[in-house]
Amino acid sequence: MVPPGLRGVLPVVLACLALAAGQRLFGGQEFFVYVASLVGVNVVLAVSLNVVNGMTGQFSIGHAGFMAVGAYAAGRLSLPLGDVAVSGLPVAASDQLLFAVSLLAGGVAAAACGFVVGLPSLRLKGDYLAIVTLGFGEIVRVIIQNTPALGGALGLSGIPQRGSLFAVWLCAFLAVLVARRIAESSHGRSLTAIREDEVAAEAMGVNTTAYKVRAFVVSAFFAGVAGGLFAHFVPIINPGSFTFVKSMEVVVMVVAGGLGSTTGSILAAVVLTLLPEALRSGFNRFAGEGAGAVVDQVRMPVYGLLLVVLMLARPQGLFGTRELWDRRKGQGARP
Amino acid sequence: MRSLLPALLAAASLLAGCEKKQPAQAPAAPATPELKAPAAPPPASDVILLGEVGSLTGAEATFGQSTHEGIQLALEQANAAGGVNGKKLEVRVYDDQGKPEEAANAAVRLINQDKVKLILGEVASTNSLAMADKAQAAKVPMVSPSSTNEAVTQKGDYIFRVCFIDPFQGYAMAKFARETLKLQNVAVLQDNKSAYSTGLTGVFQLRFAEMGGKVAGVESYSKGDTDFRAQLTALKKAKPDGIYIPGYYTDVGLIARQAQELGLKAVLLGGDGWESEKLFELGGSAVDGSYYTNHYSPDSPNPATQAFISAYKAKHNGKVPDSLAALAYDAANVAVAALRKSKSLEGPDIRDALAQTKDFDGAAGKLTLDEKRNATKPAVVLKVENGKAVFAASVSP
Amino acid sequence: MSAPASDVLLEARSASIVFGGLKALSEFSLTVRKGELLGLIGPNGAGKTTAFNVLTGVYQPTSGEVRVCGERVNGMRPFQVNRRGLARTFQNIRLFKSLTALDNVKVACLAETHPLFSRARVESLQRSGLRPLATALDAANDYYDWWRALLLTPGFQAEEEALTAKALALLEVMGLAGRAHEEARNLPYGEQRRLEIARALGTRPKVLLLDEPAAGMNTREKAELMVLIGQLRDRFGLGILVIEHDMKLVMGICERITVLDHGETIAAGTGAEVRANPKVVEAYLGDAPAPGAGGAA
Amino acid sequence: MSDFLQHVINGLSAGTIYALVALGYTMVYGVLKLINFAHGDVMMMGTYVGYASALQFKQRGGFGMASVLAIFFLSMAACAAVGWLIERFAYRPLREKPKLTALITAIGISFAVSYGFQMDWGFLPGPNPRAFPEVIRRQPWLTLLDGEVTLWNWQVISFAVALGLMAGLQYLVFRTRFGRAMRAVSHDHRTAALLGIHTDRVIAVTFMLGSALAAGAGILFAIKDVKIEPLMGTQQGLKAFVAAVIGGIGNVPGAVVGAVLLGLVEEFVVGYTASSWRDAVAFGFLILVLLLRPEGLFGRVTAEKV
């Protein structure tokens with residue numbers, strides 16, 4: 001039995017230990033680390049988008065915009081920090097500390113944007129909100145393109161490559177933990193209530209607008225962190241990496257996993273990141289060099305069809321709103 | 001070099017203070033796990049593996065395909081001529097879908113999994129930049145066939161290219177416009193989404209003004225736009241006698257049509273992004289009489305060029321190679337020559353051999369790699385006439 | 001506040017609302033006191049639900065005012081009105097369908113949480129005109145709450161347990177104890193109606209507005225429900241306002257009744273008074289089979 | 001002066017195309033309360049059908065009045081069929097489901113179609129842009145200010161077509177039996193069904209009409225800007241949607257006014273301030289309108305049923 005005071009932090013401690021072990025075992029394998037990092041970033045993105053799209057039922061299709069804000073804020077901050085160290089610390093520790101600060105800055109910057117985008121949701125619903133988020137994503141891109149300090153169209157390169165398996169997956173773990181704990185608190189219940197019936201939620205004393213904005217803030221924060229992570233393991237970020245297509249990839253993950261299910265989002269993020277990668281190498285190996293190109297050609301159309309088929313055949317997605325850790329509901333379902 | 005972290009940030013991170021990193025502890029690269037250079041040479045085999053990264057899918061797929069064809073032709077010829085010290089050359093290709101992060105990923109795979117000796121690629125500068133970071137860290141030489149952005153080879157001493165750089169291309173057009181066409185007043189319409197375009201704009205503006213011309217105004221569009229009338233109308237006000245459009249052929253054709261429609265009677269000028277058959281289809285008669293700078297002209301009497309063209313045509317059913325294929329062919333040949341000269345197949349030795357490339361007789365002109373690892377070579381200016389680009393002039397550095 | 005007014009929980013004074021030139025509700029006045037059970041009746045489309053929406057802040061009255069516990073609530077949003085002690089159910093059941101019965105009630109139990117800055121203080125700031133500060137404190141409350149939830153502090157865990165206990169108790173009252181972990185959408189119709197009431201009670205209301213709570217039930221179920229409603233009033237010391245189509249039922253249990261027709265109040269008073277009113281008879285006769293306009297005796 | 005006039009002409013000309021696409025958006029939204037995200041991609045398909053048929057006519061010797069009308073007719077008919085398919089198999093099964101599901105489906109279709117057309121398998125055109133043949137010979141229609149400003153015949157034709165279609169639609173919606181049925185379905189399709197209106201048919205016909213309009217808009221667009229490519233619909237569709245929302249979605253004249261307004265705003269921003277901000281301005285304008293007047297310039301506030 002765990003003492004109640006420790007229940008909050010224990011999983012984080014355990015995760016840190018496990019991840020540190022993972023880092024020792026696999027940290028040297030560049031390609032594995034790269035793919036694992038990509039998966040981790042997508043998990044953070046999907047889980048965070050699920051907070052808005054799944055749990056709260058507000059449809060945001062501009063998640064790449066928040067990711068871009070985070071990536072650029074963190075990257076821009078890290079750029080001049082590549083050659084400095086905090087005194088009294090070993091270089092590696094200092095690097096990781098500065099990295100954490102950059103990530104946090106990215107998250108906060110994105111969260112601020114989340115607040116700004118969340119505000120129109122006070123007045124807008126459904127389709128309109130979706131368009132505003134889309135517009136936001138486009139505006140962010142245009143701004144970056146026109147800002148020389150952010151590298152314009154060329155992008156930012158030379159960001160110190162401080163990302164590691166440990167950092168990425170710790171963030172993924174934290175995002176999942178936060179999503180789960182929010183879901184199991186009165187806040188999460190209020191968010192779900194908004195999704196299910198906004199009028200009734202309001203009538204039950206839920207300040208729907210404030211909750212919606214806060215859902216956007218949390219979601220944007222983690223998207224920003226994901227962007228920050230991304231910026232620290234890819235050598236160059238440019239506006240082309242954060243287009244509407246990227247937003248849609250995340251939407252597909254959330255929808256396929258089941259709107260409202262964190263478990264589903266994680267699973268879909270992992271599968272939809274690894275599958276093209278695996279198919280591509282498989283095609284290359286067995287159908288000759290270059291055959292893997294087919295995978296990239298059909299990926300987007302297949303995603304589109306996947307959305308349509310899912311909505312028609314299984315609108316609740318892979319997991320519906322269920323969670324892996326949801327024991328109570330399972331009991332209730334049995335008569 | 002290393003600098004001091006601002007005190008404000010230090011306070012924010014609740015730490016006593018900051019200091020310079022000890023150079024002894026972390027030399028050039030950050031202290032995170034470093035890419036390991038390919039360690040001991042693999043058991044002696046009779047194959048030398050090279051890596052190639054290109055966009056084989058996506059909007060720039062034709063770039064990647066042309067490049068691949070050029071490289072393949074060069075390696076076939078090299079192998080036919082006995083390979084490198086009796087070893088055959090092979091190339092492993094990865095597709096990056098035109099995305100920088102995928103390009104970096106591909107470079108990492110080539111370096112760590114396939115243990116290639118040298119990397120060829122990419123076309124787009126953004127992607128080359130992403131790869132250059134990885135190649136430099138692993139001390140694997142990289143030769144870009146056609147990335148013209150200045151920043152690419154600045155990534156480090158293992159990064160080379162066989163094409164001229166944007167500053168030269170912008171200069172060449174400025175010189176041609178000013179001295180040959182005697183233009184006074186040139187406006188610029190740049191593609192804001194492309195670093196290539198904004199880079200060329202900067203150089204052209206500077207150089208053209210230096211030569212006594214006047215830049216009448218700069219307007220921008222975004223790649224993929226179809227309506228450029230607003231920008232052109234704004235430019236028209238300045239009554240330019242030339243418009244420099246350093247963009248891609250997909251947009252340039254339309255711009256030419258709309259300029260004609262708006263009654264703009266200026267000569268259109270451009271860069272190597274114009275190079276495509278599609279330019280004539282999209283632009284129709286509106287692009288006739290325009291000029292653009294390029295890496296080579298198939299009309300060039302240079303024997304190396306003609307030899308390449310006939311070999312390429314023989315292999316691809318009479319298709320005339322574009323400049324990307326020619327540059328890729330040169331890149332591969334420069335690499336092969338360096339491998340033959342190199343003392344060993346270790347990164348540093350290959351690098352040194354590459355750096356000594358001098359007066360290399362390439363398909364796209366004679367080239368010398370300078371101390372900044374960029375190719376010094378002339379640019380050609382092509383004129384569009386009746387749906388064909390013909391040689392107009394050559395501009396030497 | 002004067003002594004006799006203190007037990008007035010809900011008051012509407014000449015509230016009117018106009019939709020696109022059409023008066024959906026005109027000069028609507030009503031007083032609900034502590035411990036009272038009132039009825040609101042009228043034929044279809046008479047404006048009963050509109051009246052509820054005006055009272056609860058879903059619609060803003062075009063003129064007139066609404067007071068809850070003596071405080072003017074015009075211009076407030078529904079959740080603010082609710083936090084002042086007014087809870088409601090909906091005619092077309094609006095449960096949170098994919099949540100369990102227990103969670104449905106727990107959503108409403110927001111008043112049970114212990115924020116950083118007390119709700120009373122935030123509200124008083126709001127009233128005194130320092131709205132930005134009030135909003136900031138409200139947000140601070142939420143973020144504080146988030147941190148507690150994220151860190152699973154012992155206080156948060158205890159609070160969750162208290163919430164569950166409270167919600168279970170309310171389900172028990174409404175006879176739904178065995179259904180706590182059932183998803184709301186899987187409950188039979190009658191139980192969904194009762195769950196709505198349990199949920200409304202979760203907000204610690206002083207006044208409860210029930211919109212056709214017995215719709216779709218058979219006569220026996222209706223009678224049982226009405227007894228239960230009476231018990232709720234006594235147990236929680238509520239004022240209750242019930243919309244009901246079945247005049248007979250209302251006459252049986254309500255102390256006073258207001259009759260609406262075409263948005264106008266055509267009669268108000270005790271069951272006997274209303275029944276004797278010729279306008280009422282006419283309204284109901286005009287509406288098709290008069291639902292027992294004299295049968296309550 | 002001449003450049004100002006030229007900007008006005010450019011803006012109107014761009015707005016005209018937005019207007020034609022926006023009309024389809026608005027009609028579909030009117031009856032279904034659904035943003036048909038795939039509308040722009042239907043337009044793209046229509047343009048490709050027009051392209052294919054134009055190539056056929058070109059091979060058989062030039063374009064006459066009849067062949068131009070045939071090109072329009074063919075692509076409009078093809079798109080009406082596509083619209084019917086989409087409505088029947090992708091949207092109708094979801095009509096009673098939450099709105100979000102239909103929106104996701106619409107986005108899915110948009111993705112599948114636009115990226116599907118980027119593949120170069122079989123009949124699919126692949127990512128390379130094509131130049132639309134000159135089906136209407138470009139001629140100056142009016143020359144102003146000593147030849148400084150020219151109004152072209154195709155600009156006048158597009159504008160006339162847009163105005164004509166707007167008037168026609170307005171007539172259809174407010175003066176015909178079908179229009180009454182449309183309005184009834186728009187108001188509440190369940191009640192409309194109870195009143196004996198064949199809602200499925202009304203919705204399907206509206207969809208087909210909207211899709212045919214998109215095809216027409218696509219061809220006029222191709223006449224104006226020549227280049228066609230698989231992703232063109234997304235961009236035009238989004239802009240048209242923005243225009244429809246600005247005008248008040250569901251409102252026919254609103255769509256046209258919103259579109260022309262958007263065309264002019266974009267034009268003047270590019271012409272007189274920084275040209276690199278065009279797209280940001282369009283979306284910024286949208287967000288501004290939505291914040292200040294969520295129902296759009298001509299829309300009406302509707303109270304939510306509780």
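Proteins come first, then strands; the chains are lettered A, B, ... in the order of their sequence lines, and each starts at number 1.
Contacts of B:Glu52 with chain A are absent, with no heavy-atom separation under 4.5 Å from either backbone or side chain. For B:Lys193, the parts lying under 4.5 angstrom from a heavy atom of chain A are both the backbone and the side chain. With a 4.5 angstrom heavy-atom cutoff, B:Thr198 does not touch chain A via any of its atoms. Interface residue B:Glu101: backbone and side-chain heavy atoms are both found under 4.5 Å from chain A. For chain A, no part of B:Asp191 is nearby; none of its heavy atoms comes within less than 4.5 Å.
The shortest side-chain heavy-atom distance between B:Met131 and B:Lys155 does not fall under the 4.5 Å cut-off. Side-chain contact between A:Thr273 and A:Met253 is present, with at least one heavy-atom pair separated by less than 4.5 Å. B:Ser55 has its side chain out of reach of B:Val123: every pair of non-hydrogen atoms, C-beta onward, lies at least 4.5 Å apart. B:Pro167 is listed as a side-chain neighbour of B:Glu150, based on a closest heavy-atom distance under 4.5 Å.
Closest non-hydrogen pair, A:Arg76 versus A:Leu156, comes out as N-CD1, 3.9 Å.
Judged as a ring-ring contact (aromatic ring centres under 6.0 Å, His included), and not counting sequence neighbours, B:His68 has no contacts.
For A:Phe222 and A:Phe66, the ring centers are positioned 6.0 Å apart or more.
Of all residues in residues 233-242 of chain A, those placing a non-hydrogen atom less than 4.5 angstrom from a non-hydrogen atom of chain B are A:Phe233, A:Val234, A:Pro235, A:Ile236, A:Asn238, A:Ser241.
Between B:Tyr221 and B:Phe228, the ring-plane angle classifies as perpendicular under the 30° and 60° cut-offs.
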